[in-house]
Amino acid sequence: MGVDGLLGGYNGVGQQVAIQRYTPVSDVGYPWLKDALAVRPKAMTGSDWLLVDLRRLRGRPTPDMPAGWRQLVQAYDLVVVAPKLSPAFVIGPVEER
């Protein structure tokens, strides 16, 4: 998981990947991410990674826990949030120039 960055997306058969912007903070599929970033330690900088241990929350869900958090806690043990992501490699044949 990353706060911001780029992803390689599908660009058609036989084509290089399409580089797409990635901002999960504004994505409705990750409603818990803003909460996680809001409670990170004050000493953290924008370039620090964040590790969230969800196992402690699993046995003690509170009645006011949002559904997004509840699903996350049941599905995963840990979440790692990187400051910025980028594709590590390009999929497909590299055309000679």
Side-chain angles (χ1 to χ4, degrees):
M1 173 64 56
V3 175
D4 189 25
L6 302 171
L7 291 177
Y10 182 71
N11 197 25
V13 177
Q15 301 295 316
Q16 292 294 337
V17 295
I19 303 300
Q20 301 169 346
R21 196 96 191 111
Y22 177 70
T23 53
V25 173
S26 59
D27 187 338
V28 296
Y30 302 102
W32 53 268
L33 185 56
K34 284 184 184 178
D35 295 335
L37 294 175
V39 297
R40 65 184 169 185
K42 301 258 186 255
M44 288 185 70
T45 67
S47 63
D48 289 337
W49 290 52
L50 175 66
L51 175 66
V52 182
D53 186 349
L54 300 170
R55 297 170 294 184
R56 296 178 146 205
L57 300 173
R58 193 170 294 144
R60 296 178 273 179
T62 61
D64 61 338
M65 181 182 284
W69 269 101
R70 195 175 304 276
Q71 291 170 348
L72 184 71
V73 166
Q74 294 304 319
Y76 300 100
D77 289 336
L78 304 167
V79 172
V80 177
V81 181
K84 193 165 204 121
L85 296 179
S86 61
F89 57 89
V90 178
I91 300 172
V94 177
E95 296 187 22
E96 293 186 28
R97 299 180 190 248

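Residues take their numbers from the sequence shown, with the count starting at 1. Because only heavy atoms are used, hydrogens play no part in the values below, and waters and symmetry mates are left out as well, while side chains stay in.
- In this view, R21 and D4 satisfy the salt bridge (charged side-chain N to carboxylate O under 4.0 Å, His left out) rule, not counting sequence neighbours.
- The salt bridge (charged side-chain N to carboxylate O under 4.0 Å, His left out) contacts involving residues 40-55 comprise D53-R55, where partners must be two or more places apart or lie in separate chains.
- Counting only residues at least two apart or on different chains, no salt bridge (charged side-chain N to carboxylate O under 4.0 Å, His left out) pair has a member in residues 5-18.
- Taking the side chain to side chain contact (heavy atoms under 4.5 Å, CB included) definition, one finds that V73 meets it with L54, L57, R58, W69, sequence neighbours left out.
- Every residue two or more places apart in sequence or in another chain that forms a side chain to side chain donor-acceptor pair (under 3.5 Å) with S47 is listed here: T45.
- Among pairs with a residue in residues 6-19, none fulfils salt bridge (charged side-chain N to carboxylate O under 4.0 Å, His left out), at least two apart in sequence or across chains.
- With a 4.5 Å cut-off between side-chain heavy atoms of Ile, Leu, Val, Met, Phe, Trp and Tyr, the cluster of L78 takes in W49, L51, V80.
- Residues forming a side chain to side chain donor-acceptor pair (under 3.5 Å) with N11 (at least two apart in sequence, or on another chain): none.
- A search for salt bridge (charged side-chain N to carboxylate O under 4.0 Å, His left out) contacts involving D64 returns nothing, not counting sequence neighbours.
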